[in-house]
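All remarks here apply to the structure that follows.
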Amino acid sequence: MKEKVIVICGPTASGKTALSIELAKKINGEIISADSMQIYKEMNIGTAKPTIEEMEGIKHYLLDFVSPDQRYSVAEYQKDAKKAIKEILKKGKVPIIVGGTGLYVDSLIYEIQYPNIEFDEKYREQLEEIAEKQGLEVLYKKALEIDEKAMQKISPNDKKRIMRVLEIYHATGKTKTEQEIESRMQPIEYDYKVFAINWDRQVLYERINKRVDIMVEQGLIEEVKTILQKYKTFPTAMQGLGYKEVVDYIEGKYTKEEMIDKIKMETRRYAKRQLTWFRKNKQTTWLEGTNELQNNINIILEGANIG
RNA sequence: GGCUCGAUAGCUCAGUUGGUAGAGCAGGGGACUGAAAAUCCCCGUGUCAGUGGUUCGAUUCCACUUCGAGCCA
């Protein structure tokens, strides 16, 4: 009998934090974040990271533990998260995965295999250079020679994925397609019960707009300035919504009003992409955001067959 | 009050020498296996302001009306 792990996902500003903490209190659970930006230290306001008060004594894992100048990836996330699951189960508690990063969630619920390799900074730089000087189509053709099947799903404009196909081959000698076939053969270790929070789109967008205003009031700009002073390079952290826009504002690329509108718009689009991602998984149980917390908790308990 | 210009997609505008129209942005849908809050793909019918006239046919021409901008009194 596989052990149960609860997963709560949903778009940004959908109320995952409040729901998960109430649930954890009720079922003696602990929370593992699945959020690619809340992992970073000192990025608190812009990532809407739960505060100590909000946590109400519930232990949270994989929050606030990576320096913004460090690189982090799904492969590491999966390893860290599985370690946390083990730890929680060992204590006799229920692990609750909570987050909006679909890729991170999927790495767990589909038990995706990532061969143990080091990130090759040099090789990526080489690829970047080729893309810039000779054009992306050179890399695209190269990838096509290596893994024609994988390239059927990748656009000639999708630089990141083209580079990834090349990087996998470079690091492992295997193609991405071979890699994925092996990955699918792997049995899934836990019994993941997946829930997602849904809102009427208009209402969700209003919540997002309001949340962005609050972030700015709480000192988002100051937070970004502090981080920029303290660290030199940001391999991934400055991809965060709200952060790159504030940097552009500080550099005078647009006014404060324009910056705020841009963050709101980009966040709304992000929420839309998240919903697309979560809809894909057909076993997901959907919760209505407008429901009372207790009501949704009951749906989870019933759906997960707990309590 | 008179004159001029404008009114076309949610917004900004293009266009139709008369045969019912198209861009950008917004928005929607989708993809996603080591950067993922990233990256990429697809999607444009709207009383062409209203009413009447000319015409086989008007969003296009004409008249009036309404609204907006400007100029002159």
Side-chain angles (χ1 to χ4, degrees), chain A residues 9 11-13 33-40 43 46-49 66 68 70-80 99-121 123-125 127-128 131 136 140 147 150-172 174-186 201-202 205 208 211-212 215 233-246 261-281:
Chain A
C9 38
T12 187
S33 167
D35 186 301
S36 67
M37 288 296 144
Q38 291 183 1
I39 59 169
Y40 291 112
M43 291 170 57
T47 63
K49 196 182 287 172
V66 180
Q70 292 300 301
R71 196 177 279 281
Y72 192 78
S73 75
V74 213
E76 287 159 278
Y77 174 78
Q78 190 198 38
K79 212 185 294 170
D80 291 339
T101 303
L103 183 71
Y104 284 14
V105 172
D106 284 4
S107 77
L108 295 169
I109 66 177
Y110 299 126
E111 202 77 48
I112 291 164
Q113 295 304 111
Y114 302 102
N116 209 2
I117 51 165
E118 284 294 302
F119 173 74
D120 191 339
E121 194 92 50
Y123 186 64
R124 179 167 295 180
E125 276 168 24
L127 293 178
E128 287 281 3
L136 187 58
Y140 183 76
D147 190 347
M151 294 314 286
Q152 284 171 4
K153 288 184 80 173
I154 297 173
S155 154
N157 298 322
D158 198 340
K159 186 165 128 191
K160 285 194 179 184
R161 291 201 171 76
I162 293 170
M163 284 172 61
R164 184 87 267 274
V165 166
L166 298 173
E167 284 180 348
I168 290 173
Y169 187 70
H170 175 78
T172 65
K174 284 184 210 160
T175 67
K176 182 171 184 282
T177 301
E178 287 166 352
Q179 181 62 55
E180 284 177 20
I181 290 167
E182 281 176 36
S183 184
R184 292 215 175 82
M185 294 184 332
Q186 195 64 215
R201 191 64 64 90
Q202 276 316 307
Y205 284 0
I208 288 171
R211 172 134 119 182
V212 171
M215 283 176 181
T233 55
F234 306 94
T236 48
M238 276 301 146
Q239 289 182 162
L241 269 167
Y243 292 87
K244 49 181 181 289
E245 290 81 5
V246 172
D261 286 345
K262 185 101 196 295
I263 295 173
K264 287 177 180 172
M265 188 183 87
E266 294 296 343
T267 307
R268 279 184 248 127
R269 287 177 164 172
Y270 172 52
K272 183 167 108 70
R273 272 178 271 135
Q274 287 177 301
L275 286 166
T276 298
W277 189 296
F278 298 134
R279 271 187 223 124
K280 194 172 48 169
N281 184 348

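So you know, we letter chains A, B, ... as the sequences are listed, proteins then strands, and number each from 1. In this text the structure is predicted, and so the values were computed from the model without any measurement.
The side chain of R161(A) contributes no N or O atom lying less than 4.0 Å from OP1 or OP2 of rC32(B). Phosphate contact (OP1/OP2 of rC41(B), side-chain N/O of N157(A), threshold under 4.0 Å): present. At rA36(B), one or more side-chain N or O atoms of Q239(A) fall inside 4.0 Å of OP1 or OP2 (strictly under the cut-off). In terms of phosphate contacts, K280(A) brings no side-chain nitrogen or oxygen within less than 4.0 Å of OP1 or OP2 of rG30(B). The phosphate of rA35(B) has neither OP1 nor OP2 within less than 4.0 Å of any side-chain N or O from Y72(A). T276(A) has no side-chain polar atom (N or O) that falls below the 4.0 Å cut-off from OP1 or OP2 of rG29(B).
The listed nucleotides are rU33(B), rA31(B), rA36(B); the one nearest the side chain of K153(A) is rA31(B). Taking only side-chain atoms of I112(A), from C-beta outward, the nucleotide of rU33(B), rC32(B), rG30(B) with the closest atom is rU33(B).
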For this session: Please report the C-alpha distance between R71(A) and E121(A) in whole Å, then the side-chain angles of each, then the deciding distance to 0.1 Å, and finally whether the salt bridge (Lys or Arg N to Asp or Glu O under 4.0 Å) criterion is met.
Result: CA-CA 11 Å; R71(A) 196 177 279 281; E121(A) 194 92 50; 3.1 Å; yes
Distances under 3.5 Å between nitrogen or oxygen atoms of protein and nucleotides 23-27 of chain B:
residue, atom, partner, partner atom, Å
rA26(B), OP1, R269(A), NH1, 3.4
rA26(B), OP1, R269(A), NH2, 2.5
rA26(B), OP2, R269(A), NH2, 2.8
rA26(B), O5', R269(A), NH2, 3.4
rG27(B), OP1, R268(A), NH1, 3.0
rG27(B), OP2, R269(A), NE, 3.2
rG27(B), OP2, R269(A), NH2, 3.4

Write down the protein N/O and nucleotide N/O pairs, taken from nucleotides 9-11 of chain B, whose separation is under 3.5 Å; answer none if there are no such pairs.
none

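If you check rA14(B) for Watson-Crick or wobble pairing at under 3.5 angstrom, you find it has no partner at all.
Comparing G46(A) and K176(A) by the nucleotide of RNA chain B that holds the closest heavy atom to each, the one mapping nearer the 5' end is K176(A).
Ring geometry, Y104(A) versus Y77(A): the interplanar angle falls under 30°, so the pair is classed parallel (tilted spans 30 to 60°).
Counting non-hydrogen atoms of other residues, nucleotides and ligands closer than 6.0 Å to CZ of F234(A) gives a total above 12.
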